[in-house]
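Notes to accompany the following structure.
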Amino acid sequence: MDNALQTIFAVGGVILFIVFAILIALYVIESLALYTLAKNNGHQDKAVLAWIPFVNQGFYGFLAGDQDIFGNRVQGMILGVLMIIFPIVTARVSGFLFYIVAICGITVAYFTLNGLYKKMRNSSDPTVIAVLSAIIPLIRIIYVFIHRNDIFEEDGVVVE
C-alpha cells in the first residue's frame with residue numbers, strides 16, 4: 001500500500017509540474033505580446049507594465065482606450081482596473097454571488113477586448129473572437145500573440 005501511495009504522489013507531482021510549466025509559458029507569451037503591442041503603438045514608457053502579474057490584465061483596458069458601452073463613454077483605465085478586480089473578486093465569492101460577479105467580469109472583458117481588437121489593423125470583425133476570448137482566456141492569449149505586431153487604427157486612421 002505504501003508503494004501505491006508513493007506512486008500516486010509522484011504522478012501527481014509530475015502532473016502539477018507540467019501544469020505550472022504550461023501556465024508560466026502562457027503568462028510569458030501573453031506578457032510578450034502585450035509588451036510588443038504597446039511598444040509598436042507608441043507606449044514604450046508603459047510597455048514594461050505588461051510583465052507585472054495582474055497589472056497585465058489591466059493593460060488590455062489601457063491599450064483599448066476609451067470605449068462606448070451602452071451609449072456611455074467609459075475610460076480605458078476604468079476598464080483596465082475592472083479587468084484586474086473581477087478575477088480576484090470572482091475567486092473570493094461563492095454561491096449565487098459568484099455567478100453574478102463572473103457574468104459582470106465576462107461582460108467587462110468582452111467590451112475591453114472588443115475595443116482592443118477593433119483597433120488592430122489586421123483584425124476583421126472582432127465580435128465573435130471577443131466573446132470567445134472573454135470566456136476562454138487561452139483564446140485571448142493566442143489571438144493577442146498572433147496580432148502582437150499590429151499597429152492600431154482608430155476610425156480608419158493609423159495611430160503611431
Side-chain angles (χ1 to χ4, degrees), residues 15-70 72-93 97-155 158-160:
I15 291 172
L16 192 62
F17 177 78
I18 291 170
V19 167
F20 277 131
I22 290 170
L23 289 175
I24 289 171
L26 289 173
Y27 173 77
V28 169
I29 289 170
E30 182 178 32
S31 297
L32 178 66
L34 288 172
Y35 178 80
T36 307
L37 204 57
K39 285 195 71 130
N40 288 345
N41 291 289
H43 300 291
Q44 291 85 358
D45 55 334
K46 297 176 185 101
V48 73
L49 295 175
W51 292 97
I52 301 173
F54 294 107
V55 174
N56 65 355
Q57 298 305 306
F59 207 63
Y60 284 102
F62 170 73
L63 290 174
D66 296 349
Q67 299 298 315
D68 283 324
I69 300 175
F70 303 122
N72 298 318
R73 196 83 172 149
V74 178
Q75 291 183 346
M77 293 307 288
I78 293 173
L79 290 173
V81 169
L82 291 174
M83 287 282 289
I84 295 170
I85 290 174
F86 274 114
I88 296 169
V89 173
T90 304
R92 302 281 183 238
V93 297
L97 187 59
F98 168 81
Y99 296 106
I100 299 297
V101 172
I103 289 172
C104 292
I106 289 171
T107 304
V108 167
Y110 163 74
F111 283 112
T112 303
L113 296 171
N114 194 33
L116 176 63
Y117 296 165
K118 282 181 182 177
K119 289 175 126 182
M120 293 179 176
R121 179 185 300 172
N122 298 326
S123 182
S124 58
D125 182 30
T127 305
V128 174
I129 196 74
V131 170
L132 292 174
S133 296
I135 297 170
I136 306 169
L138 180 62
I139 294 173
R140 176 191 69 217
I141 294 168
I142 293 169
Y143 190 78
V144 171
F145 187 76
I146 289 170
H147 291 278
R148 70 186 180 280
N149 293 319
D150 286 1
I151 296 175
F152 291 159
E153 290 182 354
E154 289 187 30
D155 299 327
V158 176
V159 178
E160 291 191 54

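Heavy-atom basis, side chains included; hydrogens, waters and symmetry copies ignored. All values derive from a computational prediction rather than experimental measurement. Throughout, numbering of the chain's residues begins at 1 and tracks the sequence.
- Within a 6.0 Å sphere centred on CZ of Phe54, heavy atoms belonging to other residues, nucleotides or ligands number 12 at most.
- Under the 6.0 Å distance and 45° angle rule, Arg140 does not count as a cation-pi partner of Tyr143.
- The shortest heavy-atom contact between Leu113 and Ser133 is CD1-CB, 3.7 Å.
- Atom CD1 of Ile24 is separated from atom CZ of Phe20 by 8.0 Å, given to the nearest 0.5 angstrom.
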Quick one: side chains of residues 79-92, donor-acceptor pairs under 3.5 Å with protein atoms, not counting sequence neighbours, listed by atom name and distance.
unit_1	atom_1	unit_2	atom_2	d
Thr90	OG1	Phe86	O	2.6

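- Thr127 places a side-chain heavy atom less than 4.5 Å from the side chain of Tyr110.
- Of all heavy-atom pairs between Asn56 and Ser31, the closest is ND2-OG, 3.4 Å.
- When all heavy atoms of Leu97 and Val93 are compared, the closest pair comes out as CD2-CG1, 3.9 Å.
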Side-chain polar contacts of residues 43-51 - donor-acceptor pairs under 3.5 angstrom, sequence neighbours left out - could you list them?
unit_1	atom_1	unit_2	atom_2	d
Gln44	NE2	Lys39	O	3.3

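- Under the rule for a ring-ring contact (aromatic ring centres under 6.0 Å, His included), the partners of Phe59 that lie at least two apart in sequence or sit in another chain are Phe62.
- Atoms OG1 and CG, from Thr36 and Leu32 in turn, are 4.5 Å apart once rounded to the nearest 0.5 Å.
- Closest non-hydrogen pair, Gly115 versus Ala64, comes out as C-CB, 4.2 Å.
- Residues Asn40 and Asp150 are not in side-chain contact: their nearest non-hydrogen atoms beyond the backbone lie 4.5 Å or more apart.
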Checklist entry - How far apart are the C-alpha atoms of Tyr60 and Val144, what are their side-chain angles, what is the distance that settles it, and do they pass the side chain to side chain contact (heavy atoms under 4.5 Å, CB included) test? => result CA-CA 10 Å; Tyr60 284 102; Val144 171; 3.7 Å; yes
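- Between the CD1 atom in Ile146 and the CD1 atom in Ile142 there is a gap of 7.0 Å [rounded to 0.5 Å].
- One N or O on the side chain of Asn41 and one on the backbone of Leu37 form a donor-acceptor pair closer than 3.5 Å.
- For the residue pair Ala130 and Tyr117, the shortest heavy atom distance occurs at CA-CE1, 3.9 Å.
- The distance from atom CD1 of Ile141 to atom CG of Leu34, rounded to the nearest 0.5 Å, is 9.5 Å.
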